[in-house]
Amino acid sequence: MASDAYQSPRGTRDLLPEELVRVRFLEETARDLARTFHYQEIRTPLFEETRLFSRSLGETSDVVDKEMFTVPPRVEGSLSYSFRPEGTAPAARAYVQGGCPASAPYQKWFYLGPMFRYERPQKGRERQFTQFGVEAFGANSPSLDAEVVDFALRFFEELGFGAELEVRVNTMGDPEDRERWKGQLHDYFKPGLSERCSDCQSRIERNPFRLLDCKVAQCQKLNEGAPSLRSELAEESAAHHAKFVATLEALGRTPKDDPGIVRGLDYYTRTVFEIHYPPLGARSALCGGGRYDGLVEEVGGTPTPAVGFAIGFTATEIAMAELGLPKPEALEPFQRDLQTQVYCVAVSEEDRLATTQLASQLRAARVQGVDLDYRNKSVKAQLKEAAKSGARVVALIGPDERAASCVCLRNMRTRDEKQVPESDLLTELLALLEE
RNA sequence: GUGGGUGUAGCUCAGUUGGUUAGAGCACCAGAUUGUGAUUCUGGGGGUCGCGGGUUCAAGUCCCGUUACCCACCCCA
């Protein structure tokens with residue numbers, strides 16, 4: 001391997017035609033299901049003003065703190081931009097910029113595209129990765145939260161996942177609930193702080209919530225008996241959570257209430273949830289989401305409730321590979337696009353113009369997958385090429401065919417051949433492709 | 001940011017205790033009597049063994065450095 005050859009940047013990968021087959025299957029499944037649930041596609045820029053993310057996700061979140069691809073201001077006083085590390089803040093920004101809060105507050109959107117985080121890559125974690133996410137704006141019903149979870153689960157079911165999936169739910173309460181809780185946590189942790197890890201010590205003032213999900217054993221022990229948010233919940237947010245869980249159950253889902261789910265981003269309120277595929281261990285989360293009733297206001301709009309999820313395709317692909325998914329027949333339509341359907345063969349040099357015209361004529365009739373040789377291959381090699389590329393029919397033209405104004409159609413599977421007059425060509429060809 | 005592993009043809013890899021012109025399979029190209037795809041057979045192109053330095057009579061093989069990738073931790077998707 002030449003050492004001076006270019007390679008894709010660390011943490012990114014190319015998707016060549018073969019590899020794109022699986023990805024297209026995921027994408028089509030997502031789009032198809034979005035139609036079913038009546039969510040509409042949006043596309044936002046791949047980069048945004050850095051402040052959009054730092055303010056909405058939280059300065060202390062790891063994503064903002066150390067994982068953003070940031071382009072500093074080009075000149076004194078101009079703006080800093082960052083490649084989007086997630087899709088919710090841009091969606092909320094677009095919602096406000098599009099005038100939705102005033103004109104059409106109820107919107108159900110989805111997005112599908114690349115996100116960027118500057119991290120050390122490893123299995124299931126890339127610097128550029130694809131997320132499929134939905135955002136439902138303008139309604140605060142806990143039933144909508146349940147719909148969003150149901151949507152996410154249905155997506156995995158469509159991909160072929162079974163009962164292995166686990167939905168973990170929790171509530172982050174309202175901002176006032178959290179403020180009360182935050183104070184209590186702070187007071188609770190303060191006395192034993194010296195026995196905790198350095199991360200915890202530095203985080204207690206900035207974000208005491210983060211101490212709860214510290215992975216250090218010693219710290220975890222000290223977390224036992226910490227005040228819970230649940231006991232601080234105001235009546236309204238407690239009722240919201242109860243209704244959310246009850247609705248999910250009525251939809252035949254079995255959420256696991258898990259107070260450990262806190263999500264890494266600041267904008268969540270009330271409902272939060274994750275969908276896990278437990279065999280993946282430490283990286284089992286395939287989907288995360290929740291309600292973010294304060295985000296629209298945070299990015300400059302009138303207060304608007306909203307709820308959504310994001311699914312990472314990378315983790316999903318890994319989980320699918322482990323489960324032997326998708327079923328081959330699910331990929332078939334996408335695989336067929338890679339194959340030639342009709343290959344035009346020229347017997348001699350003098351016949352090449354005729355095959356070029358034939359190919360053009362078939363393409364004008366919108367016959368799919370029409371190809372021919374441009375590398376001066378022998379007849380034998382052209383046939384070989386046709387077989388290798390998956391052609392179902394070969395249309396061969398030689399001096400004889402030209403003299404008789406016909407084309408020789410060869411069924412590559414049965415090896416049958418017949419001379420077809422030009423007038424019947426299209427009919428005969430389509431009949432062969434139908435088989 | 002911390003730690004571990006790997007780096008030999010386009011791909012997957014083999015290369016014995018360091019020893020002569022570095023191999024295989026697959027892929028690719030061409031041919032096996034003149035207009036036809038299986039299999040088979042024959043031939044061919046293609047590698048300064050990631051890069052730099054060191055040890056040695058001699059290094060793909062040992063040592064050091066460097067770089068890239070992979071994996072784990074952190075965190076997340």
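These numbers come from the heavy atoms of this one structure, side chains and all, not from hydrogens, waters or symmetry mates. Because the structure is a prediction, the values reported are computed rather than measured. By convention in this document, chain letters (A, B, ...) are assigned in the order of the sequence lines, proteins followed by strands, and residues within each chain are numbered from 1.
For B:A77, its base sits under 3.5 Å from the side chain of A:Glu119 at one donor and acceptor pair at least. With hydrogens and angles ignored, no donor-acceptor pair closer than 3.5 Å exists between the side chain of A:Arg10 and the base of B:A68. A donor N or O paired with an acceptor N or O is not found under 3.5 Å between the base of B:U36 and the side-chain atoms of A:Gln382. For A:Arg413 against B:G37, no side-chain N or O and base N or O form a donor-acceptor pair under 3.5 Å.
Aromatic ring pairs are classed by plane angle as parallel below 30°, tilted from 30° to 60° and perpendicular above 60°; the pair A:Phe116 and A:Phe83 is tilted. Classification of the A:Phe37-A:Phe151 ring pair by plane angle, with boundaries at 30° and 60°, yields parallel.
Remark: A:Gln122, A:Lys123, A:Gly124, A:Arg125, A:Glu126, A:Phe129, A:Gln131 in residues 121-135 of chain A come within less than 4.0 Å of RNA chain B through at least one heavy atom.
For the OP1/OP2 pair of B:U36 and a distance below 4.0 Å, the side-chain nitrogens and oxygens of A:Lys380 include no atom meeting the criterion. A sub-4.0 Å separation between OP1 or OP2 of B:C29 and a side-chain N or O of A:Lys377 is present.
Going from atom CE of A:Met68 over to atom C1' of B:C75 covers 15 Å, rounded to whole Å. A:Arg117 has its CZ atom 9 Å from the C1' atom of B:C75, to the nearest Å. The interatomic distance linking A:Ile318 (CD1) with B:A72 (C1') rounds to 14 Å, in whole Å. One interatomic measurement links the two molecules: CG of A:Asp373 to C1' of B:U36, which rounds to 14 Å at whole-angstrom precision. Between A:Lys388 atom NZ and B:A27 atom C1' the separation is 9 Å, expressed in whole Å. Per the geometry, CZ belonging to A:Arg13 stands 14 Å off C1' belonging to B:C70, to the nearest Å. Rounding to whole angstrom units, OH of residue A:Tyr267 and C1' of B:C76 are separated by 12 Å. For A:Phe155 and B:A77, the CZ to P distance is 16 Å, given to the nearest whole Å.
The gap from the P atom of B:A9 to that of B:G47 amounts to 10 Å, rounded to the nearest Å. The P atoms of B:U17 and B:U56 are separated by 22 Å, rounded to the nearest whole Å. Annotation: B:C75 and B:U2 have their C1' atoms spaced 14 Å apart (nearest Å). The C1' atoms of B:G60 and B:G18 are separated by 10 Å, rounded to the nearest whole Å. Across B:C73 and B:U16, the matching P atoms stand 34 Å from one another, rounded to whole Å. Distance check on atom C1': B:C70 versus B:C64 gives 23 Å, rounded to whole Å. Remark: the separation of the P atoms in B:U6 and B:C13 is 14 Å, to the nearest Å. Spacing of P atoms, B:U8 relative to B:A14, comes out at 10 Å, to the nearest Å.
Residues A:Phe110 and A:Glu135 form no side-chain contact, since every pair of their non-hydrogen atoms from C-beta on lies 4.5 Å or further apart. Side-chain contact between A:Gln128 and A:Arg117 is absent, with no heavy-atom pair separated by less than 4.5 Å. Within the 4.5 Å cutoff, side-chain heavy atoms of A:Tyr111 are placed close to those of A:Thr88. Counting heavy atoms from C-beta outward, A:Arg93 and A:Glu49 have side chains that stay 4.5 Å or more apart.
Taking the six-membered ring for Trp and the full ring otherwise, the centers of A:Phe137 and A:Trp109 sit less than 6.0 Å from each other.
Within the nucleic acid shown, A:Asp400 comes within 4.0 Å of at least one base atom, counting heavy atoms only. Within 4.0 Å of A:Glu86, counting heavy atoms only, lies no atom of the nucleic acid at all. Nucleic acid contact for A:Leu286: sugar-phosphate only, since backbone atoms but no base atoms lie under 4.0 Å from a heavy atom of the residue. In this structure, A:Ala315 reaches the sugar-phosphate backbone alone: every heavy-atom distance under 4.0 Å involves primed, P, OP1 or OP2 atoms, never a base. Within 4.0 Å of A:Met115, counting heavy atoms only, lies no atom of the nucleic acid at all.
Just one of A:Val367, A:Thr340, A:Leu433, A:Asn411 meets the side chain to side chain contact (heavy atoms under 4.5 Å, CB included) condition when paired with A:Val393; it is A:Leu433. With respect to A:Phe161, the side chain to side chain contact (heavy atoms under 4.5 Å, CB included) criterion is satisfied by exactly one of A:Leu286, A:Ile275, A:Leu153: A:Leu286.
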Report task. Could you walk me through whether A:Lys108 and A:Glu147 pass side chain to side chain contact (heavy atoms under 4.5 Å, CB included), step by step? Result -> CA-CA 11 Å; A:Lys108 290 163 76 176; A:Glu147 172 180 288; 3.0 Å; yes

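Salt-bridge check for A:Asp174 with A:Arg270: passed, with a basic side-chain N closer than 4.0 Å to an acidic carboxylate O.
In RNA chain B, runs of at least 3 consecutive Watson-Crick or G-U pairs, each pair with both distances below 3.5 Å, span B:1-7 with B:67-73, B:10-13 with B:23-26, B:28-32 with B:40-44, B:50-54 with B:62-66.
Closest to the A:Arg120 side chain, of the nucleotides B:U36, B:A38, B:G1, is B:G1. When distances run from any side-chain atom of A:Ala387 to the nucleotides B:A77, B:G37, B:C71, the shortest one goes to B:G37.
Side chain of A:Glu401 to main chain of A:Gly398: a donor-acceptor pair is present (N/O by atom type, distance under 3.5 Å, no hydrogens or angles).
Toward the 5′ end of RNA chain B lies the nearest nucleotide of A:Ser378, the other residue of the pair A:Ser378 and A:Ile311 mapping further downstream.
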